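Accompanying notes for the structure given below.
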Amino acid sequence: DPESGLRHATIGDLAPGTHYEVDIHGNGHTALPDLVFFPNEVRTLEEPPGDHLCTIATVSDLHFGEEVCGLGPSGRETPVFRARDQDPPYWHYMNHAIVDEITAADVDAVVVKGDITGDGHVHEFEAAAAAFARLPMPWHSVMGNHDRMHDDVDGFALLGQPDEPARAVDVGGVRLVLVDTVDPG
């Protein structure tokens, strides 16, 4: 998007069990092949045996309400995006785009695998619940470390999800086992 500076790529029609080399180009530059987030080669998974039972979308690290994105373990990584630099903030834009893409994919269910919020605040869970309410299919979540920063915030209740340390969900002949392994706080 030339106006916002936001970028994404969708790659489709990949064959199972196939090796691909990856070159990333943009604005006349090629990304370095050894960047952690952009490997220079990938291999797709082998096609599993048996009949197709269902399609499940998974997402993680949505960080609703996050103030800064782009900092790594050293705190010096770039580029850094700040939520206050955009209206709506980048996390709002990207998470609503994710909901739109999952809805268009017409999957049977969605699993949200933690770090739903930036810091586990009530308003962050409320923003996530509002976005997930747009999904026309069932969705199931577990908490991540970012979601359990405050002992007095019940993220499961705010999301309308069961607060169980482990639970099974059946989707189209597949049993998903969701396990919460986060130490609160």
Side-chain angles (χ1 to χ4, degrees), residues 1 3-16 18 20 22 24 37-39 42-48 50-66 69-70 81 83 86-148 155-164 166-182:
D1 180 353
E3 290 182 26
S4 70
L6 300 173
R7 303 196 183 8
H8 79 279
T10 301
I11 302 169
D13 299 323
L14 299 176
T18 304
Y20 292 93
V22 177
I24 301 170
F37 296 110
F38 302 109
V42 296
R43 181 170 186 80
T44 55
L45 297 173
E46 296 290 338
E47 188 169 343
D51 295 331
H52 178 88
L53 299 176
C54 63
T55 302
I56 300 169
T58 68
V59 295
S60 67
D61 295 278
L62 300 172
H63 293 239
F64 279 86
E66 179 177 73
C69 174
F81 302 97
Q86 297 176 340
D87 187 24
Y90 66 85
W91 59 263
H92 181 276
Y93 173 84
M94 73 177 191
N95 290 329
H96 283 268
I98 289 168
V99 168
D100 292 344
E101 287 186 27
I102 290 171
T103 299
D106 194 30
V107 300
D108 298 299
V110 180
V111 177
V112 183
K113 300 178 300 199
D115 285 358
I116 299 162
T117 67
D119 288 309
H121 295 294
V122 170
H123 70 276
E124 295 171 341
F125 281 110
E126 290 171 342
F132 299 153
R134 296 177 38 230
L135 290 167
M137 69 285 296
W139 60 276
H140 313 279
S141 68
V142 294
M143 297 291 129
N145 62 312
H146 284 248
D147 306 319
R148 293 294 194 84
F156 283 114
L158 291 165
L159 294 171
Q161 295 285 298
D163 185 359
E164 301 170 1
R167 67 185 191 278
V169 178
D170 293 324
V171 179
V174 174
R175 173 159 287 171
L176 303 174
V177 178
L178 307 175
V179 180
D180 184 355
T181 61
V182 175

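This chain uses plain numbering: 1 for the first residue, then up along the sequence. Everything numeric here is computed off the predicted structure, so don't read it as measured data.
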Does anything in residues 127-146 form a side chain to side chain donor-acceptor pair (under 3.5 Å)? List the pairs, not counting sequence neighbours. H96-R134, D100-R134
Is there a donor-acceptor contact under 3.5 Å from the side chain of [X] to the main chain of [Y]?
X    : Y    : value
N95  : A97  : no
D147 : I116 : yes
T103 : E101 : no
T44  : A15  : yes
E124 : H121 : yes

Does [X] reach the side chain of [Y], with side-chain heavy atoms less than 4.5 Å apart?
X    : Y    : result
H63  : D115 : yes
Y90  : E66  : yes
Q161 : F156 : yes
W91  : L62  : no

To the nearest 0.5 Å, tell me how far I56 CD1 sits from L176 CG. 4.0 Å
As an exercise, state the distance from CG of D163 to CG of D180, rounded to the nearest 0.5 Å. 7.5 Å
Given V110 and M137, is the side chain to side chain contact (heavy atoms under 4.5 Å, CB included) satisfied, shown in steps? CA-CA 7 Å; V110 180; M137 69 285 296; 3.9 Å; yes
Can you run down the salt bridge (Lys or Arg N to Asp or Glu O under 4.0 Å) pairs that involve residues 166-175, sequence neighbours left out, and say none if there aren't any? D170-R175
For G144 and V182, the nearest pair of non-hydrogen atoms, with its separation, is C-CG2, 3.6 Å
State, to 0.1 Å, how close V174 and C54 come at their nearest heavy-atom pair, and which atoms those are. CG2-SG, 3.7 Å
side-chain contact (heavy atoms from CB on, under 4.5 Å), paired with V111, selected from V59, T58, V142: T58
In sequence, state the C-alpha distance, the side-chain angles, and the governing distance for L159 and M143, and then conclude on side chain to side chain contact (heavy atoms under 4.5 Å, CB included). CA-CA 11 Å; L159 294 171; M143 297 291 129; 3.7 Å; yes
Using 4.0 Å as the upper bound for N to carboxylate O, is an ion pair formed by K113 and D61? no
